[in-house]
Amino acid sequence: MGMKTSTEHSSSASKLHVRETQCPYCSVQCKMTVEEVAGPIAGERRATYKVEGVPNEASQGRLCVKGMNAHQHALSGQRLLQPLIRRDGELVPSSWHEVTELIARRFISLQDQYGADVIGVYGGGSLTNETAYLLGKFARVALGTRYIDYNGRFCMSAAASAGSKVFGMDRGLTFRLSDIPRAQCIVLAGTNVAECQPTLLPYFNQAKENGAYIIVIDPRKTATAAIADLHLQVKPGMDALLANIMLKIIMEAGLVNEHFVDARTQGYESLRNALSEIDLEQSAVQCGVDLSMIRQAAMAYGQAETGMIMTARGVEQQTDGHLAVRHFLNLILATGKIGRPGCGYGAITGQGNGQGGREHGQKADQLPGYRSIENAQDRAYVASIWGVAPETLPGKGVSAYEMMERVHEQEIRALLVMGSNPVVSNPNVRLVEEGLRKLDFLVVADMFLSETAKMADVVLPVTAYLENEGTLTNLEGRVLLREQGRPAPGETRHDWDILCSIAGGLGKAPFFQYECAEDIFNELRLASRGGVADYYGMTYERLRREKGIYWPCASLEDGGEGLLFSDRFAHEDGRATFTSELSVGWQDTSREFPLILTNGRVLPHYLTGVQTHRSPTLEARELENFVELHPATAARNRIMDGEWVEIQSLHGSFTVRARIKENIREDTLFVPMHWGGVQNVNRATRPDLDPYCRMPGFKTAAVTIRSMRVVR
Ligand SMILES: Nc1nc2c(c(=O)[nH]1)N[C@H]1C(S)=C(S)[C@@H](COP(=O)(O)OP(=O)(O)OC[C@H]3O[C@@H](n4cnc5c(=O)[nH]c(N)nc54)[C@H](O)[C@@H]3O)O[C@H]1N2
Ligand SMILES: Nc1nc2c(c(=O)[nH]1)N[C@H]1C(S)=C(S)[C@@H](COP(=O)(O)OP(=O)(O)OC[C@H]3O[C@@H](n4cnc5c(=O)[nH]c(N)nc54)[C@H](O)[C@@H]3O)O[C@H]1N2
Ligand code: SF4
Ligand SMILES: [Mo]
């Protein structure tokens, strides 16, 4: 083989060949191979790689542009390869020995001075199940703090809490992806599958070929709306009311499935009474959609033999997100469209391990297996697995953004961030940034120097998806094993290994004895046993052989359940629950702030962009942030296409380039969330949270827009 050319990451002597890995980005978790096909040629630093999809049940061998190029960030020269420590204001290289010792010393002295809860732990939905589980155990056993939460609060909390309340169980999809082509009517509300889970699109196209009627509810004509038979261009924040109008029309048309309602649900009567208050004409005006179109949607869904409703962050990231989802679930229950092929509800999960990340204890009030930290039996069970006394486990903490408020109030004085970039992704980031500056001690574990890592006292370099073995649970609730594809580069370490070292420094080594990720998984199996999200029956060996297993999976013989709720729901009495508490939606624009700012995603970038901005191919597709606005709105505000504009709310402002497009409502602006700094949309989002699940109202803020040309 030719001359040995040395590069940062590869040499011709040891070409990278990853036989199977999983995309580090979205919840589909497409499987793929990554192979170095040509070493770096003279004068060039980089090798050439070939990435191919590997067929599995969910992706069927497809990949989107993000998966195709994910190796670019993992192999990037910008990876952190050494621990960093702040000296005289600068982050400088250090050793694992020094940083681990420093973290333990600082944590212990702060806890001695202020008590156990002075330390907060902030996790993420990209972490493997093993790390997510261990992070929960680390907070409760090594630190004894009640303050732990994670970025899934911003992602899954509305749908998860609604599913738990209504069905007694939260699993993203109640059906198998392969059931989608069997649905005769599909409602996609606030979900842009075409850009956010692109490899799922063929399932919907197949349904369409089979004659399905597809309804998209979105303030914008998205790439997903392009496949719709009917597009309801709803006013942001009004989905709850829209769902209620649909249900009232279905009731009046006699399309309620009385048999299903009697046999399988409770609470229908009071819902019917509550809906009698709704005036259809007036409500449709509030939603900004023609009543005739809503009627068309209601009749199509109501009359179809089979049908599915799916929601994502458009419906859920609202201060009434929990109720908005429950109103869509009311529609499903009233028409009996769940528990049989071609039917059901889907919360389209976001992050790679958005599903598993919420099941094993990163959430403020949860213990592994979806157990509750406030339930005495659950506490006793998990304490017995961990070998500690139940009374030593702390109580429940607060949600992610509320943790930032505690940081700001200096009730939390040290923070460990693992797998998130909160200074970009929280709402109202001005408060978050101020808070993080006040911290006595900030530790960030990341692959890159993210905006949050730049503020840290200690930065811990971690392994990337190609290097870190573990399980992730995809949007269907299917657990997949991601094997290690290459050795850890430089001095990087696995997240779980870092937690074990810090726990050792805190004198808790006996509770954190693991040789490998599989050891942690085997403990997780026991800790989740008998819980709602039961993983007991899964082993690495089974996951390898069967290529993925659905939870719940209670025994080694259990094949896992793809289609949920065929004959009973997960509540003790087996019935699902309607809600009759109606939400009136969000209507807070004013003369000063007349426009509605909503936000979301574009195809090539991922979340705060820490990874995708470091992939040249992805970055080249969108180099900077922008605002999508309607030509009429642009004309009214004297804004020209391509110029820089400032968008301002009560909470702050940011600047982006204007992109004038017909596809959006006149009263709405859309800005992607993938940029930090002055282009960060979260400088203008508001701090208000949903009272049920503490989801921020990301998707609606009252704003004003102005051209940067105008001289003040
Ligand atoms: N390319 C890409 N894919 C991703 C991600 C990414 O960052 N980039 N992130 C992953 C993650 S973590 C998540 S959570 C998912 C998110 O997946 P989605 O929820 O599908 O993504 P968003 O773009 O946030 O929002 C979806 C749609 O909601 C619409 N919307 C805004 N306000 C409202 C409203 O009030 N009502 C309704 N009905 N719709 C509204 C927006 O116009 C947008 O088209 O995507 C995952 N996949
Ligand atoms: N305005 C607005 N804001 C939003 C949203 C929105 O729609 N609009 N969406 C919200 C949603 S749904 C989400 S999910 C959040 C996400 O927002 P964040 O939680 O900030 O997510 P990321 O940008 O993915 O940040 C993850 C960080 O962890 C690092 N990382 C990746 N994998 C690993 C790993 O295995 N271990 C460790 N230690 N680090 C890792 C990455 O390099 C990156 O720096 O943003 C929320 N914020
Ligand atoms: S981003 Fe999602 S759809 Fe695209 S390759 Fe990765 S897992 Fe698959
Ligand atoms: Mo998310």
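Just so you know, residue 1 is the first one in the sequence shown, and it goes up from there. Everything numeric here is computed off the predicted structure, so don't read it as measured data. In listed order, ligands and their atoms are each counted from 1.
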Going by heavy-atom distance to [atom], choose the closest among [options].
atom	options	value
atom 18 (P) of ligand 2	G314, S425, P696	S425
atom 2 (C) of ligand 1	H605, K221, R665	H605
atom 27 (C) of ligand 1	V65, T224, D218, V193	D218
atom 12 (S) of ligand 2	R601, M695, M156, R493	R601
atom 26 (C) of ligand 2	G123, G419, A74	G419

Would you check if the side chain of Q355 reaches a backbone N or O of G172 as a donor-acceptor pair within less than 3.5 Å? yes

Nearest 0.5 angstrom please: L436 CG to N426 CG, how far? 8.5 Å

Could you grab the distance from atom NE2 of H73 to atom CZ of R614, nearest 0.5 Å is fine? 10.0 Å

Any N or O on [X] sitting closer than 3.5 Å to an N or O of ligand 1?
X	result
L603	yes
K235	no
Q317	no
R313	yes
G350	no
A189	no
L607	yes

Please state whether [X] comes within less than 4.0 angstrom of ligand 2, counting heavy atoms only.
X	value
V424	no
K699	yes
G124	no

What is the nearest protein non-hydrogen atom to [atom], stated with its residue, atom name and distance?
atom	answer
atom 35 (O) of ligand 2	D495 OD2, 3.6 Å
atom 4 (C) of ligand 1	C196 O, 3.6 Å
atom 32 (N) of ligand 1	T598 OG1, 2.9 Å
atom 23 (O) of ligand 2	T608 OG1, 2.5 Å
atom 20 (O) of ligand 1	N192 N, 2.8 Å
atom 40 (C) of ligand 1	P219 CD, 3.2 Å

For the residue pair F698 and F154, is the inter-centroid distance of their aromatic rings smaller than 6.0 Å? yes

Regarding R694 and E402, does a basic nitrogen lie under 4.0 Å from an acidic carboxylate oxygen? yes

Of V462, N353, D495, which is the lone residue that meets side chain to side chain contact (heavy atoms under 4.5 Å, CB included) with T131? D495

